[in-house]
Amino acid sequence: MKTKVSVIGAGNVGATTAHLVYQSGIADVVLFDIAEGVPQGKALDLAEAGPLWKVAASIKGTNSFADTAGSDIIVVTAGLPRKPGMSRDDLLYANAEVMRSVISQTAPLSPDGIFIIVTNPMDVMTQIAWQVSGFKPNQVIGMGGVLDASRFRTFLSFELGVAPEDIETLVLGGHGDLMVPLPRHTSIKGIPVRDLLSPERLEALVDRTRTGGAEIVALLKTGSAYYAPAASAFQMVKAILLDEQRVLPCAVYLNGEYGIRDLFVGVPAVLGKNGVEKIIELQLNDDEKAQVAKSAGAVRELLNTALTQKK
Ligand code: APR
């Protein structure tokens with residue numbers, strides 16, 4: 001196997017991403033975590049499933065960044081969950097520190113690699129990863145829109161009783177409460193969704209999409225979503241490794257597109273072997289533009305908070 005995917009963070013999202021990549025057989029996998037034994041144990045468990053899955057690839061668990069050298073893709077899921085007494089800003093600072101540490105130790109070992117950032121708050125973490133890595137903007141991509149669009153498709157599929165694969169949609173903006181699902185760009189086999197659902201029902205599904213992460217947290221009580229986030233990261237890994245030129249909503253570096261400059265925010269992008277191959281600029285109406293601007297404004301504010309962190 002010639003291609004290599006490293007997954008940083010062997011928690012729920014990281015281990016599930018490693019599972020999907022390994023089981024697909026498209027790359028050798030390195031699973032890294034600072035917790036001793038955890039990545040080794042999970043990697044060994046996955047390796048022992050390999051014969052059943054007929055996988056020809058390898059998987060290795062490690063506490064050493066050196067094992068990630070020469071990665072084609074590095075998926076970063078490392079981070080801290082929110083603990084009692086911790087504010088949202090505390091979490092932001094803590095994860096920004098984790099991100100700086102992980103990126104500064106992995107980027108020099110994989111200078112031609114592509115980062116897919118999953119750790120929340122994702123848009124801000126992606127910008128920090130880009131700054132610390134010194135990589136070109138096409139080499140750093142945040143995972144958010146793929147998940148948010150998949151959630152919107154799921155809820156539409158429940159509502160309409162149609163297969164999710166026949167539903168096309170896009171979600172733009174930051175990967176937070178102000179994300180911008182786009183009903184005007186949503187269709188079922190080409191039929192505009194607004195011909196099939198009332199504005200009220202559609203708005204309810206848009207709201208459910210915006211709070212989709214919180215809905216899972218409220219149910220799980222001890223953690224956050226990981227199957228769909230990992231599946232989303234895997235779709236991006238596959239698009240890049242197989243040079244698929246998929247059009248996927250991702251957090252990418254905008255330099256004037258959508259009227260946004262010097263900020264990572266979710267927009268449709270073409271993913272292929274170079275990471276971000278192209279950014280697609282949609283013709284948005286005034287309301288959609290205002291929503292994207294508001295969402296991007298919230299990301300910038302959070303980024304400024306992260307960058308003004310007191311040491
Ligand atoms: N380097 C490597 N791994 C680290 C570091 C670090 N500096 N700091 C923490 N970790 C590891 C933890 O040891 C843990 O195994 O990151 C892992 C996080 O796993 P979980 O707590 O299970 O969190 P998970 O549900 O996987 O979510 C990870 O993805 O979707 C986002 O919001 C989510 O930011 C969170 C991230």
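In listed order, ligands and their atoms are each counted from 1.
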To the nearest 0.1 Å, how far is [atom] from its closest protein heavy atom, and which atom is that?
{"atom": "atom 19 (O) of ligand 1", "answer": "Gly11 CA, 3.2 Å"}
{"atom": "atom 3 (N) of ligand 1", "answer": "Ala78 CB, 3.4 Å"}
{"atom": "atom 7 (N) of ligand 1", "answer": "Val98 CG1, 3.6 Å"}

Below 4.0 angstrom from a heavy atom of [X], which ligand 1 atoms are there? Numbered from 1 as shown, please.
{"X": "Val102", "result": "1 (N)"}
{"X": "Phe32", "result": "1 (N), 2 (C)"}
{"X": "Thr77", "result": "28 (C), 36 (C)"}
{"X": "Gly79", "result": "9 (C), 10 (N), 16 (O), 18 (C)"}

> Could a heavy atom of Val38 be found less than 4.0 Å from some atom of ligand 1?
Replying inline: no

> Would Lys42 and Asp45 pass as an ion pair if we require N to O under 4.0 Å?
Replying inline: no

With side chains defined as the heavy atoms from C-beta onward, is the minimum distance between [X] and [Y] less than 4.5 Å?
{"X": "Val180", "Y": "Leu284", "answer": "no"}
{"X": "Cys250", "Y": "Val276", "answer": "no"}
{"X": "Leu197", "Y": "Leu156", "answer": "yes"}

>> Test: salt bridge (Lys or Arg N to Asp or Glu O under 4.0 Å). Region: residues 174-193. Which pairs qualify, not counting sequence neighbours?
In response: Asp166-Lys189, Arg184-Glu288

>> Can you check which of Thr17, Ile34, Leu220 brings a heavy atom nearest to atom 5 (C) of ligand 1?
In response: Ile34

> Quick one: which of Thr16, Val13, Val76, Asp33 has a heavy atom closest to atom 11 (C) of ligand 1?
Replying inline: Asp33

> Run the side chain to side chain donor-acceptor pair (under 3.5 Å) check on Asp28 and Tyr22 step by step: do they pass?
Replying inline: CA-CA 7 Å; Asp28 289 333; Tyr22 176 63; over 6 Å; no

> Looking only at atom types and distance, does a side-chain atom of Ser110 sit under 3.5 Å from a main-chain N or O of Ala69, one as donor and one as acceptor?
Replying inline: no

>> Between Gln139 (side chain only) and Pro111 (backbone N and O only), is there a donor and an acceptor less than 3.5 Å apart?
In response: yes

> Between Asn120 and ligand 1, does any nitrogen or oxygen pair lie at a separation below 3.5 Å?
Replying inline: yes

> Does Asn12, backbone or side chain, put an N or O under 3.5 Å from an N or O of ligand 1?
Replying inline: yes

> Under the 4.0 Å line, does any protein heavy atom show up next to atom 23 (O) of ligand 1?
Replying inline: no

Atom pairs and distances, donor-acceptor, side-chain atoms in residues 216-226, under 3.5 Å, two or more places apart:
none

